[in-house]
Amino acid sequence: MSHVIPYIAAIQEAIREEMERDERVLYFGQNMATSPEDPFLKQFGPDRVRVTPISETAEIGMATGAAVAGYRPVVELYMAEFLLVATDQVVNEGTRFHFMSKGQVSVPMVMVAGYGFTAGWAGQHTGSIYGMFMGVPGLKVALPSTPADAKGLMTTAIRDDNPVLFFQNYLLLLDEGEVPDGEHSVPFGVADVKRAGSDLTLVGTGYAVRTALKAAETLARRGVSVEVIDPRTIAPLDVDTILSSVARTRHLVLVDQATRHSSVAAVIAAEVAELGFSSLEAPISMVTALDSSIAYSKPVEEFVLPDEHKVIRAVEASLGLAPAST
Amino acid sequence: MPGGAAADPGSQALDAGGAERLLATMWRIRAFEERLEPLKRSSMVHGLTHLSIGQEAVAAGVCTQLRDDEPVYSNHRANGHALAKGVDMGRLLAELMGRADGCCRGLGGSMHVVDVAHGFLGATGVVGGNLPFAVGSALASRLLGRERPAVVFFGDGAAQTGIFAETVNLASLWQVPVVFVCENNGFAEFTPRSAHTRVERVSDLAAPFRVAARTVDGNDVAEVHRVFADALTQARAGGGPFLLECLTHRLSGHYVGDPGGYRAAVEDEAWRARDPIGRLVRQADAAGWFDVERSRAAEEAARDEVEAAVAFALGSPFPDPGIPAELTYAR
């Protein structure tokens with residue numbers, strides 16, 4: 001059995017259920033509980049649901065200390081770019097504790113960050129900046145593309161004993177989808193085949209999974225069978241599922257809304273080039289954002305970002321198909 | 001006597017026994033670090049070595065009053081804090097030598113000493129980076145219905161970071177039991193305080209956040225002990241955060257090997273006359289507690305303990321060069 005809810009509601013459902021299940025789960029954020037009618041505040045009280053000042057650095061550091069002491073804080077950061085304000089705490093403090101202490105301490109903490117508000121929010125609030133965190137040792141990075149994965153990955157994130165960066169996409173927040181009833185968790189490091197296919201492997205990340213699925217649908221009408229894979233977590237990254245798909249399809253196109261040189265696509269391309277080169281019948285193709293800031297003006301914003309049309313062009317080139325008229 | 005953290009010392013006025021314990025602790029730190037310097041210069045100690053020679057009164061006056069479940073967060077200059085909090089000297093030195101028997105198996109090193117059993121929860125090498133951890137620990141203690149204060153050490157250089165203001169504000173907002181202990185040694189790495197700020201006292205920065213604060217002579221271990229005891233009593237009773245600024249002076253460079261050109265600007269000799277160990281001995285003599293012979297005995301015991309630690313650390317193997325999966329991620 002399942003129920004249909006929006007992506008954001010699925011995330012909230014996971015947090016609520018985990019808070020019900022485990023008293024150690026705390027919820028912090030700058031606009032948390034702005035009204036006494038806030039459902040989290042009403043249900044869990046002000047000890048566990050806390051408003052924080054606009055102090056991302058202290059907020060994440062404080063959550064780290066609470067996590068070391070045995071709590072499981074979830075820190076709502078709103079915009080992913082606000083992580084950058086607190087980079088030392090995100091990258092270089094709590095993430096190191098477990099290793100540097102020989103495992104004496106662990107930091108079970110979830111940082112929730114929204115990304116990719118590519119709807120005129122311009123250069124500082126639209127970035128798909130997850131790629132820059134995937135090489136941080138000790139940090140796990142979740143990147144759900146559907147409501148079901150959003151709930152399942154959040155459940156897993158809260159139960160995980162490590163710092164987890166949970167990236168939610170702003171343009172997907174209201175997208176509805178089926179979510180399994182009852183307890184639902186999705187394992188980290190296990191990619192999901194969102195659409196099976198045999199001619200080409202198309203890997204999307206986060207929001208770009210939707211772009212990939214649209215392109216695959218369009219191509220299917222032309223008789224091109226595209227397999228769409230969603231890694232779901234980019235640290236750990238499930239390279240094996242991608243390699244085994246490429247071993248069958250022999251073609252790989254990667255779609256990522258991140259800038260090309262900070263993209264998950266670049267990392268997957270390198271892994272497949274090293275580990276799956278003999279499978280390939282055509283060069284790997286990366287359809288990413290340009291290495292540019294996102295523009296405010298809509299036509300320029302669209303120029304910078306990947307879209308279905310750009311993905312289809314890349315698939316055609318990989319398979320040696322004549323471009324379809326659009 | 002080992003002189004580490006007591007089980008439940010409570011906070012009380014200093015007496016002969018308490019003074020002897022502080023003396024022993026300061027000698028242990030001094031002897032350890034004086035031995036560390038040649039070990040570093042002969043490359044038996046790996047990596048960066050930051051000494052706190054001259055600042056021992058702060059570590060001793062603070063850490064010896066804490067219970068094991070009252071955590072300390074330290075910084076890059078951690079040796080004194082660690083020893084005074086009860087970290088075993090041999091395991092600390094083994095850590096500094098990168099050996100398998102180090103308290104973190106040589107994976108952390110001098111700037112990242114952790115010993116959970118003694119409530120030495122972490123040391124960070126990024127100035128100011130440790131400050132908010134104490135607020136989280138204190139909040140956790142509050143939520144658990146305990147009220148175990150957390151202590152975080154920082155230097156005067158950290159007071160110029162944004163995270164300092166953010167953290168003091170948050171601690172005040174939530175009124176959690178944190179004692180911020182500033183070791184104001186007048187130098188931020190290689191430059192004097194006057195090159196960094198026009199604020200004379202770090203304690204002046206607490207008032208706008210409505211956090212109680214005091215500045216004390218950080219080379220007077222009795223004064224550090226007395227004022228910290230009051231702060232601890234207040235924090236344990238739910239009185240919220242406190243900032244203790246200890247004016248002190250490091251008699252060595254920022255790290256071993258620091259060329260120290262900038263140090264011509266300071267009068268080490270004047271500070272040597274205010275050496276915290278000598279001052280405590282003079283105070284104890286005047287109070288009729290003990291005399292310099294007692295201090296010599298404490299020094300000798302400390303130097304013996306250091307030699308035993310050196311033997312232990314040198315006898316410890318280097319760790320297996322592999323990275324166990326359970327250390328890559330916690331499970």
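When reading the values below, keep in mind they use all heavy atoms of this one structure, side chains included, and skip hydrogens, waters and symmetry mates. Every chain is numbered from 1, with letters handed out A, B, ... down the list of sequences.
- Judged purely by distance below 3.5 Å, without hydrogens or angles, the side chains of A/Ser35 and A/Asp38 never pair a donor atom with an acceptor atom.
- With a 4.5 angstrom heavy-atom cutoff, B/Leu139 touches chain A only via side-chain atoms.
- Contact annotation for A/Phe188: neither backbone nor side-chain heavy atoms come within less than 4.5 Å of a heavy atom of chain B.
- With hydrogens and angles disregarded, no donor-acceptor distance shorter than 3.5 Å links the side chain of A/Ser55 to the backbone of A/Glu59.
- With a 4.5 Å cut-off on non-hydrogen atoms, A/Ile60 does not touch chain B at all.
- The greatest number of non-hydrogen atom pairs below 4.5 Å with chain A, out of B/Ile163, B/Val176, B/Asn130, is found for B/Ile163.
- Partner of A/Ser145 under the side-chain hydrogen bond (donor to acceptor under 3.5 Å, both in side chains) criterion, chosen from A/Asp192, A/Thr205, A/Asp230: A/Asp230.
- Taking the ring centre of B/Trp174 as origin, the terminal cationic atom of A/Arg50 falls inside the region bounded by 6.0 Å and 45° from the ring axis.
- When each of B/Pro71, B/Gly106, B/Ala140 is checked for heavy-atom pairs under 4.5 Å with chain A, B/Ala140 comes out on top.
- In terms of heavy-atom pairs under 4.5 Å with chain B, the best-connected choice from A/Gly138, A/Ser106, A/Pro108, A/Gly70 is A/Gly138.
- Both the backbone and the side chain of A/Asp47 come within contact range of chain B, each with at least one heavy atom under 4.5 Å from a heavy atom of that chain.
- Interface residue B/Tyr73: only side-chain heavy atoms are found under 4.5 Å from chain A.
- When heavy atoms are compared at a cutoff of 4.5 Å, B/Ser137 approaches chain A by way of both its backbone and its side chain.
- Proximity of A/His98 to A/Val105: side-chain heavy atoms (C-beta onward) are nowhere separated by under 4.5 Å.
- Heavy atoms of A/Pro163 lying under 4.5 Å from chain B are absent altogether.
- Residue B/Cys103 comes nearest to B/Val87 through the heavy atom pair SG-CG1, 4.4 Å, listed as atom of the first residue, atom of the second, then distance.
- Contacts between B/Arg105 and chain A at a heavy-atom distance below 4.5 Å involve backbone atoms as well as side-chain atoms.
- Between A/Glu18 and A/Arg21 there is a side-chain heavy-atom pair separated by less than 4.5 Å.
- If you measure heavy-atom distances from A/Gln89 to chain B, the contacts under 4.5 Å come from the side chain alone.
- Taking non-hydrogen atoms and a 4.5 Å limit, the residue list of residues 312-327 of chain B in contact with chain A, ordered by number, reads B/Ile323, B/Glu326, B/Leu327.
- Looking only at side-chain heavy atoms (C-beta outward), B/Phe153 and B/Cys63 come within less than 4.5 Å of each other.
- The aromatic ring centres of A/Tyr115 and A/Tyr130 sit less than 6.0 Å apart.
- For A/Val85, no part lies under 4.5 angstrom from a heavy atom of chain B.
- Closest approach of A/Met62 and B/Val135 over heavy atoms only: CG-CG1, 3.8 Å.
- Between B/Phe32 and B/Leu96, the closest side-chain pair of non-hydrogen atoms falls below 4.5 Å.
- Taking every heavy atom of both residues into account, A/Met134 and A/Leu237 meet most closely at CE-CD2, 4.1 Å.
- For chain A, the nearby part of B/Asn169 is the side chain; its heavy atoms alone come within less than 4.5 Å.
- Between chain B and the residues A/Pro53, A/Gly103, A/Pro137, A/Ala67, the largest count of heavy-atom pairs under 4.5 Å involves A/Pro53.
- Per-residue heavy-atom pair counts under 4.5 Å with chain A were compared for B/Leu121, B/Thr124, B/Thr167, and the maximum is reached by B/Thr124.
- Only the backbone of A/Glu56 comes within less than 4.5 Å of a heavy atom of chain B; no side-chain atom from C-beta onward does.
- Nearest approach of B/His112 to B/Gly108, heavy atoms of both residues: CD2-O, 3.3 Å.
- Ring pair A/Tyr27/A/Phe44: centre-to-centre distance not below 6.0 Å.
- The candidate from B/Asp115, B/Leu131, B/Val113 with the greatest count of non-hydrogen atom pairs under 4.5 Å with chain A is B/Asp115.
- In this structure, a donor-acceptor pair under 3.5 Å is absent between the side chains of B/Glu95 and B/His46.
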* To do: Show your working on side chain to side chain contact (heavy atoms under 4.5 Å, CB included) between A/Phe133 and A/Phe167 and close with a plain yes or no.
  => CA-CA 11 Å; A/Phe133 298 100; A/Phe167 281 97; 3.8 Å; yes
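- Only the side chain of A/Phe97 has a heavy atom closer than 4.5 Å to any heavy atom of chain B.
- Residue with the most contacts toward chain B among A/Thr57, A/Asn162, A/Asp161: A/Asn162 (heavy-atom pairs, distance under 4.5 Å).
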